[in-house]
Amino acid sequence: MIDLLRPLLSTILGDTVSKLTHLDDTGAARMVDVTSKAVTEREARAEALIRMAPDTLAMIVEGQHPKGDVLAVARVAGIMAAKKTHELIPLCHALNLTSVKVELTPGEDGTSVRIATLCKLSGQTGVEMEALTAASVAALTLYDMCKAVDRGMVVDNVRLLEKKGGRSGHWSASDSGS
């Protein structure tokens, strides 16, 4: 299928197609070979936002949710998700993470929780997907735990904030205008 799409994609995207590292020369999906890459310190930060009714956030913050400390459960879920990213996202490498942090901060607007993640390792490939997965799963866990009281919650703005290390060096969303 990708063989049929490659000419069209090349026409639309130009050189971008040849930069897609998960495609080989024939357009077939592949796991990137990182054997010859140097082991370097790498880290990535990501975030997600979950919006909810003011009463839902108040219940969470005041510790009145019938399921207990939903922020603690979401934090653990995010950490676990980062460690399992290779099982969830096709072609991701299994990584030996050395640190995963998940912070959940109720918004001053009274209707949101910001999830901020940080993943680190010394390795041959980056940890962007792990940071994004941690933020996403933490947000989904909040949704799951609170859906009985607020089905209208919205998971929003899942994005990479920063990555450091590796051949491509440092990237920041604030530098790119994102």
Side-chain angles (χ1 to χ4, degrees), residues 21-22 29 31-32 34 41-166 170-176 178:
T21 58
H22 285 87
M31 186 175 200
V32 175
V34 297
E41 289 184 22
R42 299 161 187 263
E43 68 179 62
R45 291 185 314 108
E47 74 176 354
L49 192 71
I50 183 165
R51 299 179 195 284
M52 62 195 68
D55 290 346
T56 305
L57 184 59
M59 182 185 301
I60 292 169
V61 171
E62 294 166 9
Q64 299 301 311
H65 196 286
K67 292 185 178 180
D69 188 347
V70 297
L71 296 177
V73 174
R75 183 178 305 104
V76 171
I79 293 167
M80 291 174 64
K83 294 167 62 172
K84 299 253 183 206
T85 298
H86 69 284
E87 295 177 17
L88 301 169
I89 309 294
L91 308 177
C92 279
H93 291 85
L95 301 179
N96 188 20
L97 297 170
T98 57
S99 178
V100 177
K101 294 181 180 168
V102 178
E103 295 179 6
L104 295 101
T105 308
E108 292 181 16
D109 61 3
T111 63
S112 65
V113 174
R114 179 180 181 262
I115 298 120
T117 63
L118 171 66
C119 293
K120 293 182 179 182
L121 60 66
S122 288
Q124 295 168 291
T125 188
V127 290
E128 297 92 339
M129 293 310 301
E130 288 71 15
L132 287 162
T133 300
S136 300
V137 170
L140 291 171
T141 300
L142 280 179
Y143 186 95
D144 181 52
M145 294 191 75
C146 297
K147 69 182 182 268
V149 295
D150 187 357
R151 288 198 183 349
M153 292 175 289
V154 175
V155 175
D156 196 14
N157 201 36
V158 178
R159 67 187 189 129
L160 183 67
L161 296 174
E162 182 178 32
K163 61 98 34 205
K164 295 179 182 177
H170 183 248
W171 178 87
S172 172
S174 61
D175 295 342
S176 69
S178 296

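What you are looking at is a predicted structure, and each value in this text was computed from that prediction instead of being measured.
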Are Asp150 and Lys147 ion-paired here, with the side-chain N under 4.0 Å from a carboxylate O? no

Heavy-atom closest pair (Val100 atom, Leu97 atom, distance to 0.1 Å) is CG2-CD1, 3.6 Å

Output, in order, the C-alpha distance, side-chain angles, deciding distance and verdict of side-chain contact (heavy atoms from CB on, under 4.5 Å) for Met59 and Val149.
CA-CA 10 Å; Met59 182 185 301; Val149 295; 4.2 Å; yes

Check your understanding: Is Arg75 reaching over with its side chain to a backbone N or O of Val102, donor-acceptor style, under 3.5 angstrom?
Key -> yes

- request: May I ask you to decide if Gly123's main-chain N or O and Arg42's side chain share a donor-acceptor pair within less than 3.5 Å?
  value: yes

Value for CD (Glu103) from CZ (Arg45), rounded to nearest 0.5 Å, stands at 10.0 Å

For Ala139 and Ala48, the nearest pair of non-hydrogen atoms, with its separation, is CB-CB, 4.3 Å

Taken in chain and number order and not counting sequence neighbours, the residues that satisfy side-chain hydrogen bond (donor to acceptor under 3.5 Å, both in side chains) with Ser136 are none

d(His170 NE2, Asp175 CG) to nearest 0.5 Å is 6.5 Å

Do other residues, nucleotides or ligands put more than 12 heavy atoms under 6.0 Å from the CE atom of Met80?
no

Tell me, do Ile115 and Leu49 make a side-chain contact under 4.5 Å, heavy atoms counted? no

_Heavy-atom side-chain proximity of Cys146 to His65 below 4.5 angstrom_ = yes

Decide yes or no on side-chain hydrogen bond (donor to acceptor under 3.5 Å, both in side chains) for Asp109 and Ser112, but give the supporting numbers first.
-> CA-CA 7 Å; Asp109 61 3; Ser112 65; 3.0 Å; yes

Q) What do the steps show when you test Glu130 against His86 for side-chain hydrogen bond (donor to acceptor under 3.5 Å, both in side chains), and what is the final call? A) CA-CA 8 Å; Glu130 288 71 15; His86 69 284; over 6 Å; no

Within the 4.5 Å heavy-atom criterion, are Glu47 and Arg114 side-chain neighbours or not? yes

Closest heavy-atom pair, Tyr143 versus Ile50, reported as atoms and distance to 0.1 Å, is N-CD1, 3.8 Å

Separation between CD (Glu43) and CG (Leu118), nearest 0.5 Å, reads 5.5 Å

Of all heavy-atom pairs linking Thr141 and Val73, the shortest is CG2-CG1, 4.0 Å

### Query
Can we say Lys120 and Glu41 salt-bridge, meaning some charged N sits less than 4.0 Å from an Asp/Glu carboxylate O?
no

dist Cys92:SG -> Glu87:CD (nearest 0.5 Å) comes out at 11.5 Å

d(Thr85 OG1, Leu95 CG) to nearest 0.5 Å is 8.0 Å

* Measure the shortest side-chain to side-chain distance between Thr133 and Val137 over non-hydrogen atoms and say whether it is less than 4.5 angstrom. => yes

Shortest non-hydrogen pair, Arg159 vs Leu132, comes out as C-CD2, 3.4 Å

To the nearest 0.5 Å, atom CE of Met145 lies from atom CD1 of Ile60 at 9.0 Å

By side-chain hydrogen bond (donor to acceptor under 3.5 Å, both in side chains), Asn96 pairs with (sequence neighbours left out) none

Smallest heavy-atom separation, Ala81 atom then Leu88 atom, equals O-CD1, 4.5 Å

**Request:** Return yes if some donor-acceptor pair links the side-chain N/O of Lys163 with the main-chain N/O of Gly165 below 3.5 Å, else return no.
**Result:** yes

